**Q** 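Pasting a structure here, questions to come.
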Amino acid sequence: MVGFGDSVWLVLVSALWGCTNPLLKCGGQGIEELQEKNVLLRILHQLKFLLLNWKYMIPFLLNQSGSLVFYLTLATVDLSLAVPVTNSLAFLFTSLTAKLMGEKIGNTGTYVGMFLVAIGVSICVYSKS
C-alpha cells in the first residue's frame, strides 16, 4: 500500500524532473554555436559553457536532486509503482511547464493523452492499494 507521504515524494520527484526539462532546454541554448574542429576541445568548451551557465546549472542541480529523492523513496515504495508514476507525471509536468514558458505543446491529441496518462497513473496507484 502506498502511503500519503510516499505519494507526495513521488509527485515531488516528478515535478523536479518534469519542470526542469524545459528549463534545461532553455538554459542550454547557445551550446550548438560552439564550434571547434578538434572533438576534445569542443567537448571541453561545451562543458565549460554548461558548468559556468547558471541558467543551466540551477535546473540541472534541481533535476539531480529529484534523482536523489527518487532513490531514497525506492526504499519504501514498490518499484513497479514508482517508475510508471514518476515518469508519466514527469511528462505532465514537462508539458505544463513548457506551456507556461510560452512553448506550443501540441494539439487536442496532446491534451487527451495527458488526461489518459493521469487516468493510468490513478489506476496504477489504486491497484497497488
Side-chain angles (χ1 to χ4, degrees):
M1 184 167 155
V2 179
F4 177 74
D6 292 332
S7 299
V8 170
W9 290 119
L10 292 176
V11 171
L12 176 65
V13 168
S14 301
L16 286 170
W17 283 348
C19 292
T20 56
N21 286 336
L23 298 173
L24 286 167
K25 179 182 172 185
C26 183
Q29 287 180 344
I31 195 168
E32 60 277 345
E33 296 171 10
L34 300 175
Q35 300 294 326
E36 292 287 339
K37 292 185 184 209
N38 185 325
V39 174
L40 183 59
L41 283 175
R42 182 176 40 221
I43 291 171
L44 290 174
H45 279 99
Q46 290 173 343
L47 279 173
K48 178 183 172 188
F49 174 84
L50 293 175
L51 291 174
L52 298 178
N53 183 355
W54 68 269
K55 290 179 182 178
Y56 181 83
M57 284 307 295
I58 291 174
F60 176 75
L61 293 173
L62 286 171
N63 187 290
Q64 293 306 301
S65 68
S67 297
L68 178 64
V69 173
F70 180 72
Y71 176 75
L72 295 172
T73 305
L74 288 179
T76 58
V77 177
D78 185 14
L79 185 65
S80 65
L81 176 69
V83 172
V85 167
T86 53
N87 287 333
S88 57
L89 289 178
F91 164 70
L92 295 177
F93 279 111
T94 298
S95 299
L96 294 174
T97 304
K99 180 73 172 172
L100 290 174
M101 291 177 65
E103 292 183 30
K104 184 175 185 274
I105 62 168
N107 54 19
T108 306
T110 302
Y111 294 107
V112 170
M114 290 170 65
F115 175 73
L116 292 174
V117 165
I119 296 278
V121 169
S122 300
I123 292 170
C124 189
V125 170
Y126 179 75
S127 72
K128 293 290 182 176
S129 57

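The analysis underlying the following values was restricted to heavy atoms, covering all of them including side chains, and did not include hydrogens, waters or symmetry mates. This one's a predicted model, so the numbers in the text were calculated from it and none came from an experiment.
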**Q** Scan residues 95-104 for pairs that pass side chain to side chain donor-acceptor pair (under 3.5 Å), counting only residues two or more places apart or in two chains.
**A**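 Those involving residues 95-104 do not exist here.
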**Q** Assess the residue pair Thr94 and Trp17 against the criterion (side chain to side chain donor-acceptor pair (under 3.5 Å)); give the C-alpha distance rounded to whole Å, side-chain angles, the decisive distance to 0.1 Å, and a yes or no.
**A** CA-CA 8 Å; Thr94 298; Trp17 283 348; over 6 Å; no
**Q** Are Leu52 and Leu44 linked, directly or through intermediate hydrophobic residues, by side-chain heavy-atom contacts shorter than 4.5 Å (ILVMFWY only)?
**A**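 In one cluster: no.
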**Q** Using a 4.5 Å cut-off on heavy atoms from C-beta on, say whether the side chain of Leu12 contacts that of Trp9.
**A**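 The answer is yes; the side chains approach within 4.5 Å.
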**Q** Measure the SG-CG distance between Cys19 and Leu96 for me, rounded to the nearest 0.5 Å.
**A**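 Cys19 atom SG to Leu96 atom CG measures 8.0 Å (nearest 0.5 Å).
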**Q** Just how far is it from atom CG of Leu41 to atom NZ of Lys48, taken to the nearest 0.5 Å?
**A**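 Rounded to the nearest 0.5 Å, the CG-NZ separation comes to 11.5 Å.
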**Q** Looking at CZ of Arg42 and CZ of Phe49, how far apart are the two atoms once the value is rounded to the nearest 0.5 Å?
**A**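 It is 15.0 Å, given to the nearest 0.5 Å.
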**Q** Minimum heavy-atom separation for Leu16 to Ser65, with atom names?
**A**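 Here Leu16 and Ser65 meet closest at CD1-OG, 3.8 Å.
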**Q** Could you pull out the closest heavy-atom pair between Leu23 and Met101, with the gap in Å?
**A**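 That would be CD2-SD, 3.8 Å.
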**Q** Do the side chains of Leu62 and Phe60 join up, straight or via other hydrophobic residues, at under 4.5 Å, putting them in one cluster?
**A**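 Not linked; separate clusters.
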**Q** What are the two closest non-hydrogen atoms of Met114 and Phe91, and how far apart are they?
**A**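 The pair with the smallest heavy-atom distance is CG-CE2, 3.8 Å.
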**Q** Quick check on the hydrophobic clustering: are Val121 and Leu81 connected, directly or via other members, by side-chain heavy-atom contacts under 4.5 Å?
**A**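 Yes, it is one cluster - the side chains of Val121 and Leu81 are joined through contacts under 4.5 Å.
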**Q** Can you confirm whether Tyr71 sits close enough to Val13 that some side-chain heavy atom of one is under 4.5 Å from a side-chain heavy atom of the other?
**A**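 Side chain of Tyr71 against side chain of Val13, heavy atoms only: no contact under 4.5 Å found.
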**Q** Which heavy atom of Pro22 sits nearest to which heavy atom of Ala98, and what is that distance?
**A**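 Scanning both residues completely, I find the closest heavy atoms to be CG-N, 3.8 Å.
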**Q** Carefully, step by step, assess Leu50 and Ile31 under the rule side chain to side chain contact (heavy atoms under 4.5 Å, CB included).
**A** CA-CA 8 Å; Leu50 293 175; Ile31 195 168; 3.7 Å; yes
**Q** Using a 4.5 Å cut-off on heavy atoms from C-beta on, say whether the side chain of Leu10 contacts that of Thr73.
**A**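 Yes, side chains in contact.
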**Q** Could you check whether any side-chain heavy atom of Phe70 comes within less than 4.5 Å of a side-chain heavy atom of Leu74, counting everything from C-beta outward?
**A**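 Yes, side chains in contact.
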**Q** Using 0.5 Å steps for rounding, measure from the NE2 atom of His45 to the CD atom of Glu33.
**A**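 With rounding to 0.5 Å, NE2 (His45) is 14.0 Å from CD (Glu33).
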**Q** Taking all heavy atoms of Pro84 and all of Leu79, pick out the closest pair and write down the distance.
**A**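 Shortest heavy-atom contact: CD-O, 4.1 Å.
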**Q** According to a 4.5 Å side-chain heavy-atom criterion applied to Ile, Leu, Val, Met, Phe, Trp and Tyr, with indirect links allowed, do Leu24 and Leu61 form part of one hydrophobic cluster?
**A**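 Both belong to a single hydrophobic cluster.
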**Q** Start with the C-alpha gap between Ile119 and Phe115, add the side-chain angles, then the distance that decides, and say whether side chain to side chain contact (heavy atoms under 4.5 Å, CB included) holds.
**A** CA-CA 6 Å; Ile119 296 278; Phe115 175 73; 3.7 Å; yes
**Q** Treating Ile, Leu, Val, Met, Phe, Trp and Tyr as nodes and any side-chain heavy-atom pair under 4.5 angstrom as an edge, say whether Val77 and Val85 lie in one connected cluster.
**A**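 Yes; Val85 is reachable from Val77 via cluster members.
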**Q** So Ile43 and Glu36, do their side chains get closer than 4.5 Å, heavy atoms only?
**A**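 A side-chain contact is absent here, since even the closest heavy-atom pair is not under 4.5 Å.
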